[in-house]
Amino acid sequence: MAETAADSVISKEKDYAPASTSSTSEEKVVSEIDIQNLTIDDSNKFLDEDSNIKIITSGDTPYRSAFTFEELNLSPQLLKGLYVEMKYQKPSKIQAISLPLILDPPYLDLIAQAHNGSGKTACFTLGMLSRVDPKLKAPQALCCCPTRELAIQNSEVLRKMGKYTGITFECAIGGDFTTETRIKKRSPITAQVVIGTPGTIKRRMTEKTLGLSYLMMLVFDEADHMLAKEGFKDDSLNMMKHIGRVTSHCQVLLFSATFNESVKKFAAKIVKGNHNELFVKKEELSLESVIQYKVDCPDELAKVMVIKDQILEFGERIGQTIIFVRTRNSAIMLHRSLVDLGYDVTTIQGALKQEDRDKIVKEFKDGLTQVLISTDLLARGFDQQQVNLVINYNLPVKYDHSTEPDCEVYLHRIGRAGRFGRKGAVFNLLCGDMDEMIMSKIETHFDMKIAKVPDWRNEEDFKAAMRSAGLL
DNA sequence: AAAAAAC
């Protein structure tokens, strides 16, 4: 039933497409689509801000867009947090569109896609803080994240934003595996908002130390990954089942920068029939402020030399850098090579102790380290405004098809640079025909051309590349 | 042959 309704909207939406593409380049169109009563709102103030977002509203959802936070009926305490702590002035585009959908009755489920660094976290954090009843001392909102780092980062945002609200929160993430943590009897969570990772949340549910009776909001950050088979699909479904047994009034929010077609379909299936959707075309997802390059390297050693001579030599002038590698082992090897060459780099990957991971992230966020090597642990969601440069030491490939690119991960990785519209550059280090092919598949997928740095040995080539990306 | 969570 829900699927046919969505299908009909999509086909009708296509009929309107020429109208939006024929408009002038600055005048982008946000479409309002109502399943019952199909209309397009061209008067939306946010039309000229950036790219198209396709909105599908369901049922009789009154559609509106918030130009200011005042329009959202937020508590004075929450508004103070937004202005004083977060230093926000007005809602970003995704916030303006999604917040009314989240905060207005009948609190329909929402699937929302938006560009990297566009302020998704604030959408659901604000949503949770606003909908929670400060007087009711029990878990009311739950947010699931794919990594501990992201859970910590999100709870940090919640802490700041909710500083004056008195709303309590707890971070439900696992520690290191020891006999103590295994046996330790945990006391029930009384916090009103819980942010955590799948394993711990699941366990808390089964051992009944996470009460679900008053839960009214369930958020999946990086939702496409949380619902993907190769991600946390089983855990997510398990958690939803637990919640479904206790309450039927729980609003589900799915947020991510990426939703491939199969996850999109599955996501629409798991939310309740009547729900809202926001989507961005994949060709428009890659950020214009982040310039991407590819570099042909004859061998692995050349990649290390490129990093050493053409990138690290610029030092702090180019801001912070994240170097992505495919495996934990490559992370260790590359780390060793660069340290042996005398460079001060740090590395994070899932095999490290939680304590060390926390320390490395903190040092990087505090600006004490400039260059961080990482596995895809940090590919998603990691928010550090000073990161201007991302290096793909290895291209991201599908877990079961190493000849196929993982375009979603690629997009998430490059999104670590250029947070909130800042300038950024990406260097993809390619070695061999396979890399060439994977790279060209990525270009095709996003319908873009990636410029090649002519000579991996030529310093001037890299300087020119960084200059045109706005970094030097 | 694999990033991630966690027991």
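To find a chain, count down the sequence lines: A is the first, B the second, and so on, and within it residues start at 1.
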Kindly point out which of [options] is positioned nearest to the side chain of [X]?
X: A:Arg203; options: B:dA2, B:dC7, B:dA5; answer: B:dC7
X: A:Ile173; options: B:dA6, B:dA5, B:dA3; answer: B:dA6
X: A:Arg357; options: B:dA2, B:dA6, B:dA4; answer: B:dA4
X: A:Thr327; options: B:dA4, B:dA2, B:dA5; answer: B:dA2
X: A:Arg326; options: B:dA4, B:dA2, B:dC7; answer: B:dA2

Atom [atom1] of [X] to atom [atom2] of [N]: distance rounded to whole Å?
X: A:Arg148; N: B:dC7; atom1: CZ; atom2: P; answer: 9 Å
X: A:Met205; N: B:dA5; atom1: CE; atom2: C1'; answer: 15 Å
X: A:Asp176; N: B:dA5; atom1: CG; atom2: C1'; answer: 12 Å
X: A:Arg204; N: B:dC7; atom1: CZ; atom2: C1'; answer: 15 Å
X: A:Lys229; N: B:dA5; atom1: NZ; atom2: P; answer: 20 Å
X: A:His412; N: B:dA4; atom1: NE2; atom2: P; answer: 16 Å
X: A:Arg328; N: B:dA4; atom1: CZ; atom2: C1'; answer: 8 Å
X: A:Lys233; N: B:dA4; atom1: NZ; atom2: P; answer: 22 Å

Taking every non-hydrogen atom, the tightest pair across A:Val306 and A:Cys297: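 Closest pair (atom of A:Val306, atom of A:Cys297, distance): CG2-SG, 4.1 Å.
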Touch class at under 4.0 angstrom, heavy-atom based, for A:Glu230 against every strand present: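 Answer is base: heavy atoms of A:Glu230 come under 4.0 Å of a base.
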Donor-acceptor pair, side chain of A:Asp109 and main chain of A:Val271, under 3.5 angstrom: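 No.
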OP1 or OP2 of B:dA1 under 4.0 Å from side-chain N/O of A:Ser402: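 Answer is no, no contact under 4.0 Å.
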Below 4.0 Å: OP1/OP2 of B:dA4 and any side-chain N or O of A:Thr375: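 For A:Thr375, the contact criterion (side-chain N or O under 4.0 Å from OP1 or OP2 of B:dA4) is met.
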Presence of salt bridge, A:Glu363 and A:Lys359, under 4.0 angstrom: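 Salt bridge between A:Lys359 and A:Glu363, a charged N being under 4.0 Å from a carboxylate O: yes.
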Pairs involving residues 404-418 of chain A, ordered by first then second residue, that meet side-chain hydrogen bond (donor to acceptor under 3.5 Å, both in side chains) (sequence neighbours left out):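 For residues 404-418 of chain A: A:Asn116-A:Arg416, A:Thr258-A:His412, A:Gln292-A:Tyr410, A:Asp376-A:Arg413, A:Arg380-A:His412, A:Asn392-A:Arg413, A:Glu404-A:Lys441, A:Tyr410-A:Asn428.
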A:Phe314-A:Phe462 aromatic ring centre distance below 6.0 Å: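 No, too far apart.
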Near-ring test A:Phe220/A:Phe255, centroid separation under 6.0 angstrom: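 Ring centres of A:Phe220 and A:Phe255 not closer than 6.0 Å.
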Residues touching DNA chain B, which here means a heavy atom under 4.0 Å, drawn from residues 381-397 of chain A: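 Nucleic-acid contacts, sorted: none.
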Donor-acceptor pair between A:Gln251 and A:Arg131 side chains, under 3.5 angstrom: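 Judged by distance alone, the side chains do pair up.
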